[in-house]
Structures are given as C-alpha cells and as structure tokens.
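Side chains included, hydrogens not; waters and symmetry mates left out as well; all remaining heavy atoms used.
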Amino acid sequence: MTDLLFLVGAGLLAGVVNALAGGGTLISFPALLAMGYPGLTATVTNAVALWPGYLGGVLGYRAELRGQRRRATLLSVTAVLGACAGSTLLLLTPGKLFESMVPWLVAFASLALLAQPWLRKLFGGEADGPTNRMVYVGVFFGGCYGAYFNGGMGVVLLTVLGMFLHDNLHRVNALRATLALVVSSVSVVAFSLFGAVRWEAVAVIAPASLAGGFLGTRLARLMPPKVLRGVVVAFGLGVAAALALR
C-alpha cells in the first residue's frame, strides 16, 4: 500500500508540474528508480505513464488555445518529426554523451526563458510581422529532446516559443502544452511497441497524472505572466541541478 501511494503521489505532482512548466519527469522518473526499475525501463514506463497528464493540461488550456489552431497544427507536425528522431535515438543508442549534456541544455533553456523578452526583440521580429522560421528549428530539436529524455522538455519548448512568438505568456504556455502532448504521444506509440514498459506502474501513475494536469492548469492561470516565468525558470534551474547530481 505504501508503494502504491508513493507512485500515486509522484504521478499527481508530476502532472501538476508538467501543466505549469514541464519537468514533471524529474519527479516521477526518480520515483520509478526508487521502486527498483532499471533506468531504461523507468524511462519508457514514465513516458507512457505521464501521457494522460499532458492530455489533462491541454484540456485545461482550451480557452487559451482558441484562435491558435493553424500555428498549433504546423508546429505539431514539426514536433512529430523531432519526436520520431528522439524516440529512435533512445531505442537504438545508449546515449551517454547526450545524457551528460542534458543538465546544461535545461539550464540554458531556463536562463534563455529568463532573458526571453530581450531575446524576443532580438530574434522575433515585429509583433505584427511573419513568424520567424527559426521557431520550427527550435520545436524540432525540442521534440527530439523531449522524446529522448522528457525532463525539462516543457522549459525548452516554452523558451523556444516565447523567443519567436509575440503573444501572451499564458497562450504560449497553452501551445507549449499542446506540443508536449504531441511529443509524448509519439513516445507512447514507439515505447509501447518497442520498449520494455511496465504496465502495472503505468496503471497507477497515469490516472494520477491526469488529475494533476487539470490541477496544474488552474494554478498556472492564476499566476501573472511574470510570476509564471519566474516559477518556470526556478524549476528549470532546479531540474538542471538535479540532473547534474543524478
């Protein structure tokens, strides 16, 4: 019973964090390791188990997603391509070098988010002008990273979108949640077919992460954009530190 409650709590908190900023993997993944699952098994099981939490986040952001269908569709296609590449990389290679780079990538993304207003002026062009095409490059690599190692994916995607899209941060965060769901969906298909998923753990974590996703969107909506950015940056740097010490 203690183990069951432990996994439920990890799934619930991971869903909340993923809806707020992304990075819930750094809660649920160590929980699976603590339960004795091998690293690769924990990785693929965690990716499948957290999918409902991403779905809950998108459903919770329905109001903020209105009017974004076209760009969400175009960026989702790009995210799918990146996620396919990342899933293949994880299944075919041990990726030790990539894992050593992960803390630095997350830290860079967090600091870039902190400097987002300045970076948007530098790279984003005019507010009423065409979208900088570099956003597609960033989303591709964000999808690749997210499928390979989910930790900090939301921070990476939110940073990329915030740099190149001129919009309210809550609307951008809703788009980030959509792309995270897309990347997670590709991972679920790939890992369910070819990975060593432990379905008994998925059955416990998945519904808890769904509830956490709904709760997280409500909390995020209550935060002013500057506060939300600060929360994401602080959590992202915490994720980077946790990864570096892992």
Exercise. Give every residue pair that meets the side chain to side chain donor-acceptor pair (under 3.5 Å) criterion with at least one member in residues 208-219, sequence neighbours excluded.
Key: none
Enumerate donor-acceptor pairs with a distance under 3.5 Å from any side-chain N or O in residues 179-188 to protein atoms, sequence neighbours excluded.
residue	atom	partner	partner atom	Å
Ser185	OG	Trp51	NE1	2.7
Ser185	OG	Leu181	O	2.8
Ser187	OG	Val183	O	3.1

Quiz item: What heavy-atom pair brings Tyr61 and Ala177 nearest, and what distance separates the two atoms?
Solution: CD1-CB, 3.9 Å
Practice problem: State, to 0.1 Å, how close Ser192 and Val48 come at their nearest heavy-atom pair, and which atoms those are. | Solution: OG-CG2, 4.1 Å
Quiz item: For Ala211, which residues count as a side chain to side chain contact (heavy atoms under 4.5 Å, CB included) partner, sequence neighbours excluded?
Solution: Leu12
Practice problem: For Val137, enumerate each residue passing the side chain to side chain contact (heavy atoms under 4.5 Å, CB included) test, keeping only those at least two apart in sequence or located in another chain. | Solution: Met134, Phe141
Exercise. Rounded to the nearest 0.5 Å, what's the gap from CG on Leu157 to OH on Tyr145? Could you check?
Key: 10.0 Å
Quiz item: So which heavy atom on Tyr37 is nearest to which on Ala42, and how close?
Solution: CB-CB, 4.2 Å
Quiz item: With sequence neighbours left out, which residue pairs that include part of residues 49-58 fulfil the salt bridge (Lys or Arg N to Asp or Glu O under 4.0 Å) condition?
Solution: none
Self-check item: For Leu210, all residues meeting side chain to side chain contact (heavy atoms under 4.5 Å, CB included), sequence neighbours excluded
Solution: Pro52, Phe214
Practice problem: Determine whether Leu158 and Leu222 fall in the same hydrophobic cluster, where Ile, Leu, Val, Met, Phe, Trp and Tyr are linked whenever their side-chain heavy atoms lie under 4.5 Å apart. | Solution: no
Practice problem: To the nearest 0.5 Å, tell me how far Ser28 OG sits from Ile205 CD1. | Solution: 6.0 Å
Exercise. For Leu165 and Leu175, run side-chain contact (heavy atoms from CB on, under 4.5 Å): C-alpha distance rounded to whole Å, both residues' side-chain angles, the deciding distance at 0.1 Å, then the answer.
Key: CA-CA 11 Å; Leu165 301 180; Leu175 184 58; 3.6 Å; yes
Practice problem: Working to the nearest 0.5 Å, report the span between CG of Leu89 and SG of Cys84. | Solution: 12.5 Å
Which donor-acceptor pairs under 3.5 Å do side chains of residues 4-11 form with protein atoms, sequence neighbours excluded?
none

Quiz item: Under the salt bridge (Lys or Arg N to Asp or Glu O under 4.0 Å) rule, what pairs show up with a residue in residues 137-149, not counting sequence neighbours?
Solution: none
Practice problem: Determine yes or no for a side-chain-to-main-chain donor-acceptor pair under 3.5 angstrom, with Arg171 supplying the side chain and Arg66 the backbone. | Solution: yes
Quiz item: Tell me the salt bridge (Lys or Arg N to Asp or Glu O under 4.0 Å) pairs involving residues 139-149, sequence neighbours left out?
Solution: none
Quiz item: Got a sec, which residues hit side chain to side chain contact (heavy atoms under 4.5 Å, CB included) with Thr45, two or more places apart in sequence or on another chain?
Solution: Leu32, Thr41, Val197, Arg198, Ala201, Val202
Please tabulate, for side-chain N and O atoms in residues 74-82, each donor-acceptor pair with protein atoms closer than 3.5 Å (sequence neighbours left out).
residue	atom	partner	partner atom	Å
Ser76	OG	Ala72	O	2.6
Thr78	OG1	Leu74	O	3.2

